[in-house]
Amino acid sequence: MTGGPAGAPVPPIAVVAFAQTRHAAADTEHTEAELLAPVVTAVKERTGRERFGFTCSGSCDYLAGAPFSFVSALDAVGAWPPIDESHVEMDAAWALYEAWVRLRKGDVDTALVYGFGKPSQGDLHKIMTLRLDPYYLAPLGPDQVSLAALQARAYLDATGIGEDALRAVAAGARAAGRANPYALDLPEPAAGDPYEVAPLRTGDCAPITDGAAALVLAAGDTAYELCERPAWITGIDHRIEPHSLGARDLARSVSTALAAERAGLTAGPPVEVAELHAQFSHEELILRDALGLPPGGSGTADTGDPAAGDQGTGGGDGSAGTGDPGDGVAVNPSGGPLAANPVMATGLIRIGEAAARVHDGTARRALAHASSGPCLQHNLVCVLAADPGAAADARAGDGEGAG
Amino acid sequence: MPSDPAGEPVAEPVGAPGPASAAGSGGSAGSPYEPLVARHTLEFPGGYTRSVGPVIGRFMTELRDGRLVGVRTAAGKVIVPPTEYDPETGEPVAAPGGDAGGPGNGPGDDPYVPVGPAGTVGAWSWVPRPRPEHPLDRPFAWALITLDGADTALLHALDLGPYEPGSGPPKRFGAGARVRPRWRAARTGHISDIECFVPEVTTMVAPSRLDYTVPAGEALGRFLAGLAERVFLGGRCGSCAKTYVPLRVTCPACGRRVTEEVRLPGTGTITTFAINNIPDPRAPEVPFVSAYVRLDGADIAMLALVSGVPAADVRIGMRVRAAWADEVGPTMASVKWFEPAEPGS
């Protein structure tokens with residue numbers, strides 16, 4: 001048992017409620033706060049709590065083009081009397097990480113975490129260029145898709161896999177997304193779809209999506225008060241690689257593998273569900289390799305898509321009703337980011353989707369992954385389980401380790 | 001987000017009725033107006049001035065002079081483009097001021113080492129439709145280029161030549177290609193002092209043309225003169241009893257002078273033929289048929305075009321006759337081609 005700051009045991013922490021918007025491909029004429037309000041309201045209703053011990057959000061001011069735009073989003077939370085609040089200028093999966101760390105202190109037992117993104121207001125791929133090294137990269141203007149395509153090429157060249165494997169991932173993700181009411185209704189990728197940036201075609205790239213998500217973390221017994229089947233965080237860790245693309249092996253995700261190891265992924269039984277923050281088809285393949293998941297197309301084996309089914313992906317998907325929890329893992333049964341990508345909420349949604357599988361009883365152990373930075377630079381792995389025992393030993397990414 | 005007083009965000013209302021400050025505040029629900037929007041620009045007018053520090057500064061200074069340098073880490077790896085730290089360990093690579101400071105860089109040793117200018121392409125992507133902020137306005141590649149002497153790769157644009165907008169990636173290009181920078185004439189110490197990279201030279205085009213004036217000569221001159229009168233002239237060897245067409249001065253078999261001129265009819269037989277799919281100045285329409293035609297009474301076939309019949313229907317042994325041009329003269333062009341002859345001819 002890991003000791004807290006004062007030597008007190010650190011309580012296990014669980015995801016107890018999750019809500020997301022029905023994500024939209026076009027501007028729904030709502031402000032960010034208006035996008036967010038329904039999902040915050042939903043998790044408040046689900047938990048019966050109006051106030052939380054800690055609040056943390058993830059968003060990107062560049063999406064709105066206004067400094068401190070996340071502050072106005074607090075209107076959706078209600079921050080008076082003053083609340084204990086923080087924000088990360090990252091995907092809200094990292095806000096969840098901060099909240100998890102905060103809860104380990106032991107003095108509060110609930111946390112509200114939310115993320116939102118409204119890329120329809122600007123040019124997302126150009127905005128993403130601004131996160132690049134400002135000396136050597138950003139002045140050249142490489143957009144997000146161009147860089148992702150570099151990584152795709154590196155992966156295809158290193159593995160000898162053909163572009164058909166990318167198409168299979170895209171087809172599987174879109175098919176699963178069509179079955180997910182929160183994801184976009186995107187057509188089957190066509191063979192003749194043009195290259196966005198070769199070797200990536202339109203279907204290989206996450207769609208521009210507006211949306212928001214919120215979830216509630218609770219510690220110890222409080223989790224049982226708020227949720228019938230809490231999704232206990234048994235391990236969470238994040239690792240980052242050099243920013244310079246030329247200093248990395250783009251064909252592999254070393255940071256994901258390390259984060260997974262640190263989060264105890266391999267220390268327990270196999271996961272039944274894996275939600276991966278793959279914004280491009282090849283990213284799913286690289287992440288599968290790093291996480292030791294079977295190679296293959298996204299989504300479920302019963303999507304009716306032969307390409308996806310032939311990849312050996314097992315079922316185990318709750319929403320689409322397949323069942324193969326014995327020897328397979330359902331990868332992105334939600335469709336994943338290729339079916340809906342409300343940036344800054346996308347990673348948090350992976351955790352929420354995985355937790356929801358535990359909540360509804362379709363999975364005993366689930367994996368969620370979130371990513372940040374160009375070409376999978378920074379990766380977070382979160383392992384969730386129905387069994388709280390493992391969560392009591394949850395590993396800290398900062399090396400505090402399990403006792 | 002970073003906010004700097006040097007640049008004020010600029011907001012300007014556009015086209016929407018009502019006050020701009022109301023834009024987006026209430027959504028469309030219940031609004032008597034069309035969806036209210038405002039155009040908003042976030043900009044540092046004139047650009048944001050950044051300090052580069054000694055390490056990046058050295059690279060940029062060398063770049064301005066048209067040179068490429070990397071920086072050596074304590075482990076001996078050469079980082080290009082240089083960073084202040086070893087990307088693997090985080091250890092500093094050089095002390096401020098540009099002196100050798102990193103471990104392993106002895107006093108007085110310059111940690112900056114020349115690299116390139118040539119390099120090798122690793123990962124690359126192909127942009128069929130460049131965006132306005134891209135460095136090239138025609139389809140191009142992004143590439144991670146490991147410059148000669150470097151251990152890490154530099155990202156830059158790669159110009160592979162003129163491609164139509166929307167073109168797919170070139171088939172015969174890939175990792176391992178050798179490239180070099182195309183420098184701008186006016187350089188300022190900026191990563192775009194390299195306009196882009198271009199492939200090393202692997203092929204060239206050599207001009208190749210010689211002009212001649214060729215006389216027809218005695219025998220061919222007689223033959224061509226015959227064509228001007230719509231007659232094929234052959235020569236009969238008195239020794240071998242063979243008739244050659246076109247007319248020759250000597251018999252190719254025995255070497256004796258050919259003295260007997262023979263007038264041959266314009267009919268003959270195809271002895272072999274080829275269907276050609278590459279246009280020729282004399283036969284611009286493809287496919288066309290070239291054939292050996294042995295004129296009746298001749299012992300040797302001559303090369304001619306065949307027309308007036310689908311290419312697929314041409315056969316060895318087919319009877320043909322010459323089709324004369326409307327205007328004839330002492331030239332091979334007097335015979336347009338051979339075409340199927342009427343049965344019995």
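Lettering of chains follows the sequences in order, A, B, ..., and the numbering in each one begins at 1.
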Non-hydrogen atoms of chain B under 4.5 Å away: do they reach the side chain of A:Leu245, the backbone, both or neither? both

Could you tell me how the ring of A:Tyr114 sits relative to the ring of A:Phe116: parallel (under 30°), tilted (30 to 60°) or perpendicular (over 60°)? parallel

Give the ring-plane orientation class for A:His378 versus A:Trp94, where under 30° counts as parallel, over 60° as perpendicular and anything between as tilted. tilted

Please look at A:Asp123 and chain B and tell me whether the side chain, the backbone, both or neither of the residue comes under 4.5 angstrom of a heavy atom of that chain. side chain

Before giving the answer on side chain to side chain donor-acceptor pair (under 3.5 Å), spell out for A:Ser86 and A:Glu98 the whole-Å C-alpha distance, their side-chain angles and the decisive distance to 0.1 Å. CA-CA 9 Å; A:Ser86 186; A:Glu98 182 177 337; 2.7 Å; yes

Using a cut-off of under 4.5 Å on heavy-atom pairs, state which of B:Gly47, B:Gly166, B:Pro169, B:Pro132 scores highest against chain A. B:Pro169

Without swapping roles, check the side chain of B:Glu62 against the backbone of B:Leu68 for a donor-acceptor pair under 3.5 Å. no

By a 4.5 Å heavy-atom criterion (distance strictly below it), what part of A:Ala152 contacts chain B: side chain, backbone, both, or neither? neither

Please state whether the side chain, the backbone, both or neither of B:Pro130 comes within less than 4.5 Å of a heavy atom of chain A. neither

Answer yes if the ring centres of A:His87 and A:Phe70 are under 6.0 angstrom apart, and no otherwise. yes

Turns out that what part of B:His190 lies under 4.5 Å from chain A's heavy atoms comes down to side chain

How about B:Trp124 and B:Phe173: are their ring centres within less than 6.0 Å of each other? yes

Under a 4.5 Å heavy-atom cut-off, does chain B meet the side chain of A:Leu140, its backbone, both or neither? both

Near A:Arg252 CZ, under 6.0 Å, is it more than 12 heavy atoms from other residues, nucleotides or ligands? no

The interface call for B:Phe59 against chain A, heavy-atom contacts under 4.5 Å, is side chain

Counting only heavy atoms closer than 4.5 Å, note whether A:Glu196 contacts chain B via side chain, backbone, both or neither. backbone

If you count heavy-atom pairs under 4.5 Å between each of A:Ser244, A:Ala154, A:Pro134 and chain B, which one has the most? A:Pro134

Check for a donor-acceptor pair, side chain of B:Lys77 on one end and backbone N or O of B:Thr152 on the other, with a separation under 3.5 Å. no

Salt-bridge contact B:Arg72-B:Asp110 (side-chain N to carboxylate O under 4.0 Å): no

Between A:Gly141, A:Ala198, A:Gly122, which shows the greatest number of heavy-atom pairs under 4.5 Å with chain B? A:Ala198

Report which part of B:Ser167 has an atom under 4.5 Å of a heavy atom belonging to chain A: side chain, backbone, both, or neither. neither

Can you say whether A:Asp157 sits under 4.5 Å from chain B via the side chain, the backbone, both, or neither, judging by heavy atoms? side chain

Given heavy-atom pairs under 4.5 angstrom as the criterion, report whether the side chain, backbone, both or neither of B:Ala150 touches chain A. neither

